[in-house]
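Working notes, structure below.
Order of the sequence lines sets the chain letters (A, B, ...), proteins ahead of strands, with each chain counted from 1.
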Amino acid sequence: MMKTGLLRHAAAARLAVAAVRPAQLSSIRASSAVLSASRASSSPLACRPAAPAVLARFYSAASASAAASSSAGSSEPITRFTDLPKLGVSDSLVRSITQGMGYENMTPIQSMTINAALAGKDVVAQAKTGTGKTLAFLTPIVQRILNRLQEEDSNWRRRRPDARDIQAIVVSPTRELAEQISAEAKRLCQGTGVVVQTAVGGTMKRMMLHKARREGCHLLVATPGRLYDLLSDPESGIAAPRLAALVLDEADRMLEVGFAAELEQITELLPSRSEVPRQTLLYSATLPKDVVGIARRYIDPKNFEFVQTVRADETPTHERVPQYIVPCRGFQNIAPAVLEFVRNELVAAKEAAKEENPEALPFKAVVFLPTTAAVLFYTYLFQRIRFHDRRFPRIYDMHSKLTQATRTKNSEAFRNAQSAILFSSDVAARGMDFPNVTHVLQVHLPQDRDIYIHRIGRTGRAGKGGQAYLFVSNIEINTARRRLPGLPIQRCTSIESAEVDVSDGAALPPAFQEIREASSMAPHEVLKNMYTSLLGNSLKGVDVQSIVDELNEMTKHQWGMDEPPAVSRRFLDSLPRGISGLNVMSESHRSPRGVGDRRGGFGDRGFGDRGFGDRGFGGRRDSQPRRFKDDFERMEYMAGQKKDRRGPRAQPTF
DNA sequence: GCGGATT
């Protein structure tokens with residue numbers, strides 16, 4: 001019942017946002033131009049009552065940061081964690097970073113944002129995947145929490161813990177990412193007295209509430225649904241009447257349609273920024289231009305810092321992660337090509353280990369698939385293959401239809417594994433830090449360029465190497481070229497199974513045979529769901545008739561079916577007109593939907609409003625340096641630049 | 001029939 005209420009509100013909020021936005025934006029533009037002159041003197045903390053000692057402490061931090069940024073070029077920003085006390089960061093916090101977590105030098109994003117965030121500024125930050133964004137926002141947030149607690153009551157550590165006085169909230173788009181951020185926050189807060197709690201769906205709410213009431217809560221890490229649930233429930237015992245900071249991790253994702261409306265609902269439950277000044281931090285590896293406009297609703301246009309450690313003409317992928325595309329003759333070649341590739345890499349990793357190459361790591365891969373049914377299909381096939389070959393690495397799967405307990409278990413097991421393969425939906429595409437992933441494989445086209453970037457960001461983290469492979473059918477190549485411009489993707493043609501023509505009677509590569517055998521053992525449900533799921537919106541941008549033709553080839557030549565799995569008349573009607581080759585059944589004997597370890601379904605959750613697919617190219621190209629009315633306009637422009645440069649005229653590299 | 005996100 002809560003759900004329908006929220007959805008109704010969310011829909012109303014969407015409409016309201018759409019109606020209000022243009023006018024509001026222009027008024028913000030106008031006022032920020034007028035107010036920009038007084039920017040230097042206006043600080044959100046200036047109007048907040050505070051004990052003099054703490055103010056002095058705060059201002060020393062603020063002026064240190066002001067000195068660092070105003071004299072940019074002459075004085076170096078801080079680059080070592082041990083120098084943080086100069087900015088007013090407490091010794092206990094620095095100790096847990098340097099001794100507890102073992103960090104010494106800051107990454108660029110840490111060095112460039114911690115100052116501003118400590119000074120209470122809003123921050124919009126873009127930095128490559130795996131470069132320490134989490135610690136970059138947690139460090140100043142935790143220090144500011146310490147300042148506030150101290151400022152209110154120097155005996156705060158002895159006070160009864162309270163879950164009704166949350167100081168900061170971090171919001172994440174997925175549960176596992178929230179858990180991961182929370183784990184890092186807890187390590188950071190070790191020994192500081194700052195209490196971290198986690199609020200995500202799929203877990204026992206009562207237990208979480210009990211824990212929060214017992215231990216208190218200063219910093220809450222949450223996913224949007226559960227956060228809304230807790231804040232809207234006056235009985236929960238969770239409240240944030242004096243919230244000082246809100247962090248959106250994966251900010252561009254959080255501000256997309258769908259999440260944006262939910263976020264809107266959440267902020268309505270928080271104290272208004274005019275009454276309780278609130279710092280907002282937006283961090284991501286990708287910041288598309290259309291999101292920057294929405295970001296304006298969350299940040300203070302007069303007092304924020306926009307930090308990009310990715311040059312505007314550069315893509316947010318790592319040079320040290322080579323990217324390849326493996327064009328496959330047809331759909332039936334893709335799974336065999338993946339298997340052949342995995343087997344080759346397993347051998348290569350073994351060889352490298354023999355040569356005692358210090359850089360050599362055991363094969364550890366994440367394979368991203370476009371649908372849940374495809375994850376189940378690949379998991380089934382590879383588990384089957386491992387059944388006959390115990391030297392094959394362990395197989396894990398990850399998608400939202402698993403119970404949360406299984407999700408957590410699989411995620412942890414893969415994190416701790418030396419060598420393993422994780423088949424995953426995009427639930428693990430962003431933010432997840434699985435150590436020592438050597439390969440990211442993507443099967444079929446990613447929904448958009450940013451998802452491609454986030455997925456390959458699961459490897460090449462923390463200065464380590466990695467490789468990225470994209471397996472697509474030939475019918476997807478043209479869409480791939482349009483969708484993935486400006487990326488250094490090279491063609492990989494060394495995989496025999498990718499190119500073999502099943503119909504010409506030639507001998508099939510071993511991997512092809514293996515997949516064929518494993519498919520023949522698969523439950524019909526797994527195959528049928530795989531078939532129909534690829535006809536959904538997941539391959540949007542590719543000609544539907546070609547998809548049907550290729551799927552039918554696969555059912556015949558790889559799955560050994562006489563006729564393709566049946567689809568409903570209704571489904572056929574939802575496709576473009578004139579599609580042929582589908583096996584249409586009558587409505588009356590539709591088989592029950594759903595397979596595997598599922599969470600109970602709760603009604604239809606339409607995805608129609610998500611607005612997937614390619615984002616438009618916009619903006620202008622100037623060779624002249626240009627001036628900006630305010631930093632916000634500059635940020636919009638900088639974020640837009642990348643789109644301009646990698647525009648439709650970019651030369652395909654594959 | 002199409003990532004994810006509270007019961």
- prompt: Between Arg430(A) and Asp252(A), is there a side-chain N and carboxylate O pair less than 4.0 Å apart?
  reply: yes
- prompt: Less than 3.5 Å between a donor and an acceptor, one on the side chain of Ser574(A) and one on the base of dG1(B), is that the case here?
  reply: yes
- request: Report yes if a side-chain nitrogen or oxygen of Arg407(A) is closer than 4.0 Å to either non-bridging phosphate oxygen (OP1 or OP2) of dA5(B); otherwise report no.
  value: yes
statement: Whole-Å distance, Asp233(A) CG to dT6(B) P, equals 15 Å
field: Contacts of Tyr283(A) that satisfy ring pair (Phe, Tyr, Trp, His ring centres under 6.0 Å) - sequence neighbours left out
entry: Phe137(A)
message: Applying ring pair (Phe, Tyr, Trp, His ring centres under 6.0 Å), can you list everything that pairs with Phe434(A), at least two apart in sequence or on another chain?
response: Phe414(A)
Contacts of type ring pair (Phe, Tyr, Trp, His ring centres under 6.0 Å), residue Phe368(A), not counting sequence neighbours: none
- line: Whole-Å distance, Tyr531(A) OH to dC2(B) C1', equals 16 Å
- prompt: What is the distance, rounded to the nearest whole Å, between atom CZ of Phe259(A) and atom C1' of dT6(B)?
  reply: 12 Å
- request: Remember a base hit wins even if backbone is also touched, and classify Ser236(A) as base, sugar-phosphate or nothing at under 4.0 Å, heavy atoms.
  value: nothing
- prompt: In residues 546-558 of chain A, which ones come under 4.0 Å of DNA chain B, going by heavy atoms?
  reply: none
- request: Can you figure out which of dC2(B), dA5(B), dT6(B) approaches the side chain of Val427(A) most closely?
  value: dA5(B)
- prompt: Quick one: is Arg175(A) getting a side-chain N or O under 4.0 Å of the dT6(B) phosphate, OP1 or OP2?
  reply: yes
For atom CG of Leu231(A) and atom P of dT6(B), their distance in whole Å: 13 Å
Under 3.5 Å, which donor-acceptor pairs link side chains of residues 554-563 of chain A to any protein atom two or more places apart or in another chain?
from      : atom 1 : to        : atom 2 : distance (Å)
Thr555(A) : OG1    : Asn552(A) : O      : 2.8
His557(A) : NE2    : Glu553(A) : OE1    : 3.3
Gln558(A) : NE2    : Gln332(A) : O      : 2.7

message: Run the ring pair (Phe, Tyr, Trp, His ring centres under 6.0 Å) test against Tyr396(A) and tell me which residues pass, sequence neighbours left out.
response: none
query: Where does the angle between the aromatic ring planes of Phe423(A) and Tyr378(A) fall among parallel (under 30°), tilted (30 to 60°) and perpendicular (over 60°)?
result: tilted
field: Shortest side-chain distance from Asn537(A), nucleotide among dA5(B), dT6(B), dC2(B)
entry: dC2(B)
- prompt: When you check the phosphate oxygens OP1 and OP2 of dG1(B), does a side-chain N or O of Thr371(A) lie under 4.0 Å from one of them?
  reply: no
